[in-house]
Amino acid sequence: MSILINKNTKLLVQGITGRDGQFHAKRMKAYGTNVVAGVSPGKGGEQIDGIPVFNSVAEAVKATGADTSVIFVPANFAADAILEASYGGIKLVIAISEGVPVQDMIKVTPILKKNGTKLIGPNCPGLITPEESLIGILPGMIFKKGNIGLISRSGTLTYEVVNQLTLSDMGQTTCVGIGGDPIAGLYYIDLLEMYENDPETKAIVLIGEIGGDAEEQAAQYIAEKMTKPVVAFIAGQTAPPGKRMGHAGAIISSGSGTAEEKIAAFAKAGVPVAKEPAEIPRLLQEKLAFATR
Amino acid sequence: MSILINKNTKLLVQGITGRDGQFHAKRMKAYGTNVVAGVSPGKGGEQIDGIPVFNSVAEAVKATGADTSVIFVPANFAADAILEASYGGIKLVIAISEGVPVQDMIKVTPILKKNGTKLIGPNCPGLITPEESLIGILPGMIFKKGNIGLISRSGTLTYEVVNQLTLSDMGQTTCVGIGGDPIAGLYYIDLLEMYENDPETKAIVLIGEIGGDAEEQAAQYIAEKMTKPVVAFIAGQTAPPGKRMGHAGAIISSGSGTAEEKIAAFAKAGVPVAKEPAEIPRLLQEKLAFATR
Amino acid sequence: MKIHEYQARELFRQYGIPVPEDVLCHTIEEVEQAARKLNRMVVVKAQVHAGGRGKAGGVKLARTIDDAIAAGKKILGMDIKGYTVEKVLVADAVEIDKEFYVGLINDRNTKSVTLMASSEGGVEIEEVAKNSPEKIIKLSIDPLVGLLDFQARDIAMQLFGNMQHVRQAVPILKKLYKLYVETDSSLAEINPLVLTPDGQVYAIDGKMNFDDNALFRQPQILALREPDEDEKKEIAANEKGLSYIKLDGDIGCMVNGAGLAMATIDMIKLYGGSPANFLDIGGSSNPQKVIDAMTILLGDSNVKAVMINIFGGITRCDDVARGLISALNVIKTDIPIVVRLSGTNAEEGLTLLKQAGLPTVGSMSEAARQAIELSKAYVQK
Amino acid sequence: MKIHEYQARELFRQYGIPVPEDVLCHTIEEVEQAARKLNRMVVVKAQVHAGGRGKAGGVKLARTIDDAIAAGKKILGMDIKGYTVEKVLVADAVEIDKEFYVGLINDRNTKSVTLMASSEGGVEIEEVAKNSPEKIIKLSIDPLVGLLDFQARDIAMQLFGNMQHVRQAVPILKKLYKLYVETDSSLAEINPLVLTPDGQVYAIDGKMNFDDNALFRQPQILALREPDEDEKKEIAANEKGLSYIKLDGDIGCMVNGAGLAMATIDMIKLYGGSPANFLDIGGSSNPQKVIDAMTILLGDSNVKAVMINIFGGITRCDDVARGLISALNVIKTDIPIVVRLSGTNAEEGLTLLKQAGLPTVGSMSEAARQAIELSKAYVQK
């Protein structure tokens, strides 16, 4: 088992004829992801690495039964691509595109809700159910099938952590990069709930960042609803206040969203917080040993 | 029994301090309608005929438990008043206001759907469950409790027909004036379904008009879904094509929406169409006699 | 409210929809100047509020300035379905490779704005709908979301099948929708939308109607109104809160409510009479309205009898009675009047009328029968 | 992106929000002229991108022209939290009866724009939130519906409690929301919104931030940008696709991804080092970016060692290696560099680096440890 995607997931790649879309479509396919179609308006009928290209999502879904879509189009077209996927009948959309205007995402959110479409991202690395399906730009070779679930606001930091897990022989059920934008799709709590309900997942790693209060909310949710152990890491513990560090998410302002507050919230919820990524496997082992005692 | 409203309906009057709002609030109360509150921004704390006035729908609902609202505000404020009622928790809104811009109603429609609010009107005379609750501008004295349901796009024509029914000793369960605007709330089919499910209603009178194809759709619905007898009347049988007769609804254009087409649709559905209002009671009696034979 | 083609084209331009150059002309001299200014093949088009002007000879292609002058002479002043042509549009006649239809309309069934598009442009969309409905693409637009890029692109792709043309058509569709919503339109058509041999997309002819109920917040649109004589009367009535449409019979009717007014006309015809008008005094209780209504009614020289049919809801019968009595004090007339009052404050109204010596009847059908008889009697005088 | 108060007031005016008259001044002469022109009580306000300018003495009330000149002399050129005041706003000082706060902000939790309002205006809203949260009214605005009249009225009613003031405040709230959405704002505050003794409502001070991701479609807003020196560097980096923030340590970092970059800085501090910057080269595989990034890094004279930490996903490690080799061919430096590459095409990248004789390490923590050691060694030279 896994969450959100597995080997039956039929993936559509929006923006498949662009530089990144093409590169990652091939990589996803090489990983074993069931990439059934690509979309690029005006390029319908072409093929990319054997993947048929369609003019629209609706056509692609009709012809291939695609149920999940990954978006590689430029930021200013990303919101429209997400909506095209949603109206086209796609149930899970992963938006890799970086730099999408916040007002676009604010407008997209209630439409997706109405249409019953789940979104991951934008500005996210995607997700993976190791050895079954990789969607996005994650480096597949560092992941390994196993029992750890992982949720992260970061991209490369996720790889760093996963690498540590895999080196410690702790494989993963599904790893999800939810992205660092202020307005994003599925968030910690949505995914924690899914992991809690996934019989294969034994423990969860949550990688947070300074900014916002999503980690605090997650901590509360864990305390109230989760039976499975969770270990956390917070990036930006030494970041100077008022500075925006790359992610729109990573901004500290006016005494909220600091690493201290987040760490305190996790401590209160009984969630250990690692000082550095390399510490995570040990904390997980301790938690799991305790849980199975 | 009845549909939509009964003696337990708690009514709020939006625009209660205006000329029409005040006049009809008093009349409704005099009829026996449970008028619990009025709304008029800035007039909170006043009273109209013993009815407490509030600044907002939210306040009124909180204080009185109003579940239904009737709107007497000027056309350019009507859409906002409808939305205020809907967001304020009102489940049934009756908009009497005439001349509401169509684009306003188009925008209002999906919001009401999302909020689960039913709308009657705008540009309608309201509805009545005789001897229990009168909402709107209907002349209460012509109605009588009984077993006939009535739906009408018209206002005064409805009174004409009801008058004939009452004079023929055929009382009514609930009579609903749905209004003549091109974009309106509850329509024939919604109400036909309610009457079909109301044990007290034995037969239904449907009063249509030229313009649009709502009558044709109703005819098809009756043929497919209704077990109770329906009798129809269509106004505008002799109207010249291309002319707009008062109602936005009453326009015939380009070979659709004519009285002939509507009458033919009803004939096909086995629904007798009266030549003049006075014929309706006889047609109903025939249908009811046939149904109970 | 309707506007002329030249006005629609001007609105299109304001919203950035590409339209070939044109000049509005009222005289032959202006036509000549326009043809000289454009200095290429032009089309001379009658500007009247009537359909089928092409078949009626109201549209002519002119390859030379002399041709244009000749076309102007033929079209200016001609009669199209009862409308006299007072102005023509002299427009750059772009070469046409293909013609398309795009239109927006308020859709009663979906309760939203529907976009219609067809590769069968240049003919009436109703004909396409009748003969080859499969050639009409329809899209119901979510009013809270608007026309999305991908939706416009899908439709443009179905029409043009070529991204170079699609890239031009998508903004045209989006701008047309913006224009439609921002001006409270009830119909906006580009027909034809054309593709030229060199791959340019243009709006050639435009038709727009507007929601009368929204004109209060559309001063720019209201300023475009050019009513004909009949419409002027209707507008004047409207400004007094009345809905008036002249018909060609001899029984004047004054009714409250559009449905009852239509049913009244139907009944007069059913009983063998002929109504002179549709006149709805609406739903408020203002005696002045009745005075205004009677003034309009009795101003029609065809009227031989008046039938007043009031069923009071929001309208109070006593107000109607008072207005009627005041009106007849001002307008002295020998035309017979039959009054029927029911509903709110009917008793009071009937009492007032009786005191004033006006004949009243008990039902609508009685009123219709009497009015017909009286109209015949009046003619015999 | 932030703008100054005077720019926010100008945007307010454009959208029809009432703001007292003002003049922007760069010199004492301009202050004098402005005071003469306004010819009544004015307020002289420092225009700097720093909070707490009032407490720092950057805002002064002036009853006479001489007062205004004196205030201008004091404020122009003063230092507020490291910012030199280069301009002041001389504004009509309306009399104030009550002060309110209204603000709009993107809300991560509701995923919508939230309207905040408070009868405690003129102070920082964060203080109100801390000390009397019950005095903040919050409304989450449905982005598909917008701020509705009744919602604006309810809030205005709670603030003002008087319909005459509510009627002025409702359009202010609606216009502020329109401004917010149309300019892709991420914060828009009127603080204070004031009520004068004669019952007029005015926006006095305004603060607006904008979404950097949307500036591509906001040329009017982009034109308002007035970055300071540090920001100019950050913007220059941004234009090259880099995210750069100068810090005050001595270990330059080049990392891909904001999270990993933050974790890298955290780790350097955890191990006792001091990072010279945050530098995220982002997610695309362009060798030029690495060259640009190294140029910026090595342009900081504090840097004593460089730690490169790349975990390749969309970034290809071989591209980074190539960019690094090219950069070091151009920028000759003796500053020690430690490189860690993992992920996509790491093998190829490491091979390239080894061929070029650059030191590589196996893990992030190893890289941090080595960089700290090397920085100390470099200092000792």
Side-chain angles (χ1 to χ4, degrees), chain B residues 20 23-24 27 75-76 96 98-107 109-111 125 136-139 141-142 152-160 163 180 182-184 207 209-210 212-214 217 233 235-240 243-250 254-255 259 275-278, chain C residues 106-109 111-113 124 126 129-130 142-144 180-181 184-186 211-214 216-217 234 243 245 247-248 255-271 275 278 280 282-285 309-316 342-344 346 363-365 368:
Chain B
D20 290 341
F23 177 74
H24 288 286
R27 283 185 72 234
N76 47 333
I96 308 301
E98 192 182 335
V100 182
V102 174
Q103 292 304 323
D104 287 5
M105 293 313 302
I106 286 181
K107 212 177 155 186
T109 301
I111 304 175
I137 60 173
L138 304 150
M141 70 283 189
I142 61 170
S152 173
R153 259 162 87 175
S154 168
T156 46
L157 178 55
T158 309
Y159 315 156
E160 182 64 42
N163 203 33
I183 310 290
I207 303 172
E209 255 177 30
I210 51 173
D213 65 351
Q217 291 188 31
F233 177 75
Q237 301 187 23
T238 62
K243 284 289 182 186
R244 184 175 155 149
M245 300 202 141
H247 279 190
S254 333
K275 284 207 177 55
E276 55 175 307
Chain C
N106 291 335
D107 187 328
R108 290 154 183 268
N109 295 327
K111 299 184 185 180
S112 65
V113 177
E124 296 227 348
E126 290 84 356
K130 224 179 280 172
D142 183 333
L144 303 183
Y180 186 91
V181 172
D184 277 299
S185 182
S186 56
D211 179 3
D212 290 344
N213 284 344
F216 73 90
R217 65 184 178 197
E234 292 166 19
S243 237
I245 296 167
L247 303 172
D248 46 16
V255 191
N256 67 324
L260 189 61
M262 283 191 284
T264 303
I265 293 174
D266 290 347
M267 189 178 273
I268 291 172
K269 284 214 175 175
L270 185 68
Y271 291 177
F278 168 100
D280 170 14
S284 120
S285 294
N309 185 16
I310 303 294
F311 212 120
I314 200 162
T315 306
R316 301 188 218 167
S342 281
T344 307
S363 78
M364 177 171 166
S365 33

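These numbers come from a predicted model, not from an experiment. Order of the sequence lines sets the chain letters (A, B, ...), proteins ahead of strands, with each chain counted from 1.
Across Glu160(B), Met105(B), Arg27(B), the residue that shares the most heavy-atom pairs under 4.5 angstrom with chain C is Glu160(B). When Ala214(C), Pro143(C), Ala129(C), Ala346(C) are compared by the number of non-hydrogen pairs under 4.5 Å with chain B, Pro143(C) comes out ahead. Ranked by non-hydrogen atom pairs under 4.5 Å with chain C, the options Gln103(B), Met141(B), Lys107(B) are led by Gln103(B). Most heavy-atom pairs under 4.5 Å with chain B: of the set Asp184(C), Asp266(C), Asn106(C), this distinction falls to Asp266(C).
Of the two parts of Lys111(C), the backbone and the side chain both hold a non-hydrogen atom closer than 4.5 Å to a non-hydrogen atom of chain B. Contact of Val113(C) with chain B is made through backbone and side chain together, with heavy-atom distances under 4.5 Å.
In terms of heavy atoms, Ser365(C) sits closest to Glu276(B) at CB-OE1, 4.0 Å. The minimum heavy-atom distance linking Gly343(C) with Pro139(B) is given by the pair CA-CB, 4.3 Å. Between Met267(C) and Pro277(B), the closest heavy-atom pair is CE-CD, 3.9 Å.
Partner of Thr156(B) under the side-chain contact (heavy atoms from CB on, under 4.5 Å) criterion, chosen from Asn256(C), Thr264(C), Ile310(C), Thr315(C): Asn256(C).
One distance of note links CG of Asp107(C) with CD1 of Ile183(B); it measures 7.0 Å at 0.5 Å rounding. Atoms CZ and CG, on Arg217(C) and Asp104(B) in that order, are 4.0 Å from each other to the nearest 0.5 Å.
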Start with the C-alpha gap between Asn213(C) and Glu98(B), add the side-chain angles, then the distance that decides, and say whether side chain to side chain donor-acceptor pair (under 3.5 Å) holds.
CA-CA 9 Å; Asn213(C) 284 344; Glu98(B) 192 182 335; over 6 Å; no
Step by step, would you call Ile142(B) with Phe311(C) a side chain to side chain contact (heavy atoms under 4.5 Å, CB included)?
CA-CA 11 Å; Ile142(B) 61 170; Phe311(C) 212 120; 3.9 Å; yes
Please evaluate residues Leu157(B) and Met262(C) with respect to the criterion side chain to side chain contact (heavy atoms under 4.5 Å, CB included), reporting the C-alpha separation (whole Å), side-chain torsions for both, the decisive distance (0.1 Å), and the verdict.
CA-CA 9 Å; Leu157(B) 178 55; Met262(C) 283 191 284; over 6 Å; no
